[in-house]
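Note that the numbering runs from 1 along the sequence shown for the chain.
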Amino acid sequence: MDDRFKQLILRERDQLEFFQLLNDEELEQVLPYFEAVLYPAGSILFSEGDPGGFVAFILSGTLEVKQHTEFKRAPMVLGTLKKGTFIGETAFVDAKKPRAATVSVLEDSELLILQMSAFESILQQYPDTGIKILKGFLKIVTIRLLKAMEKLAVAF
């Protein structure tokens with residue numbers, strides 16, 4: 001991983017919620033498993049129906065999550081994601097399941113990509129850290145699920 005990204009993560013850790021879960025030693029252990037990637041505005045991170053296999057952590061920029069509806073010309077915007085969060089976590093539940101939404105890059109974005117195969121290596125080499133990472137995913141996914149339920153309750 002580029003040293004610039006490593007320094008960015010360490011410097012802005014307070015704003016990168018997911019990385020707050022790990023202490024300095026754990027962070028040093030797992031950072032080599034991540035790939036730092038720059039995505040320009042207008043690009044697509046992944047499309048609905050694509051195979052899973054990785055999760056992306058947003059260091060900077062803005063992503064938009066859309067899902068097709070029965071009306072071909074009217075995809076539904078599920079959310080806008082910014083620095084400090086992640087997308088693609090369902091790949092960690094079932095990497096064979098196709099992506100449920102399309103993620104577009106609205107602003108130039110710096111992302112950290114964690115491939116499922118890299119995460120499996122983390123679990124083998126650093127099981128306690130891997131469990132902490134899974135707990136972090138579970139915590140944030142649960143928060144997202146509860147917010148979605150609140151929105152549905154209001155709609156009906």
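- Evaluation of the side-chain hydrogen bond (donor to acceptor under 3.5 Å, both in side chains) rule for Asp128 yields no partner, not counting sequence neighbours.
- Nearest heavy atoms, Leu78 versus Ala101: CD1-CB, 4.2 Å.
- One finds the CG atom of Leu63 at 7.0 Å from the CG atom of Leu106 (value rounded to the nearest 0.5 Å).
- Although no hydrogens or angles enter the test, the distance criterion places no donor-acceptor pair under 3.5 Å between the side chain of Gln124 and the main chain of Ser121.
- Under a hydrophobic clustering in which Ile, Leu, Val, Met, Phe, Trp and Tyr are joined whenever their side-chain heavy atoms come within less than 4.5 Å, directly or via other members, Phe86 and Val105 fall into different clusters.
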Using side chain to side chain contact (heavy atoms under 4.5 Å, CB included), reason through Ile133 and Leu22 one step at a time and then give a plain yes or no.
CA-CA 8 Å; Ile133 291 170; Leu22 305 176; 4.3 Å; yes
Criterion side chain to side chain contact (heavy atoms under 4.5 Å, CB included) on Phe119 and Val55, from CA distance to verdict
CA-CA 10 Å; Phe119 180 67; Val55 64; over 6 Å; no
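- Cluster annotation: Leu112 and Leu134 are assigned to the same hydrophobic cluster (Ile/Leu/Val/Met/Phe/Trp/Tyr, side-chain heavy-atom contacts under 4.5 Å, transitive).
- Under the 30°/60° scheme for interplanar angles, the aromatic rings of Phe57 and Phe19 are found to be tilted.
- One hydrophobic cluster, built from ILVMFWY side chains closer than 4.5 Å, cannot hold both Val141 and Met116; they sit in different ones.
- Grouped by direct or indirect side-chain proximity (heavy atoms under 4.5 Å, Ile/Leu/Val/Met/Phe/Trp/Tyr only), Ile143 sits alone.
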Please report the C-alpha distance between Leu81 and Val103 in whole Å, then the side-chain angles of each, then the deciding distance to 0.1 Å, and finally whether the side chain to side chain contact (heavy atoms under 4.5 Å, CB included) criterion is met.
CA-CA 10 Å; Leu81 302 173; Val103 178; 5.9 Å; no
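- Without hydrogens or angle criteria, Glu48 side chain to His68 main chain gives a donor-acceptor distance under 3.5 Å.
- Scanning all heavy atoms of the two residues, the minimum distance from Phe137 to Glu89 falls at CD2-CB, 4.1 Å.
- Sorted by first and then second residue, the salt bridge (charged side-chain N to carboxylate O under 4.0 Å, His left out) pairs with a member in residues 52-67 read Glu64-Lys66; sequence neighbours excluded.
- We find the CG-CD1 distance between Leu31 and Ile122 to be 9.0 Å, quoted to the nearest 0.5 Å.
- We find the CG-CD1 distance between Leu45 and Ile113 to be 5.5 Å, quoted to the nearest 0.5 Å.
- The shortest heavy-atom contact between Asp108 and Ala41 is OD1-N, 2.8 Å.
- Both Leu21 and Leu123 sit in one connected hydrophobic cluster of ILVMFWY residues. Membership requires side-chain heavy atoms under 4.5 Å apart, directly or through other members.
- Remark: Arg99 qualifies as a cation-pi partner of Phe54 under the 6.0 Å distance and 45° angle criteria applied to the six-membered ring.
- Note: the hydrophobic cluster containing Leu59 also contains Leu38 (ILVMFWY, side chain heavy atoms under 4.5 Å, direct or indirect links).
- Remark: the Lys82 side chain and the Thr62 side chain contain an N/O donor-acceptor pair separated by less than 3.5 Å.
- Between Gly61 and Ser109, the closest heavy-atom pair is CA-OG, 3.4 Å.
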Mind running side chain to side chain contact (heavy atoms under 4.5 Å, CB included) on Val30 and Leu114 for me, showing each step along the way?
CA-CA 10 Å; Val30 300; Leu114 180 61; over 6 Å; no
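- Distance check, rounded to the nearest 0.5 Å: OH of Tyr39 to OG of Ser104 gives 12.5 Å.
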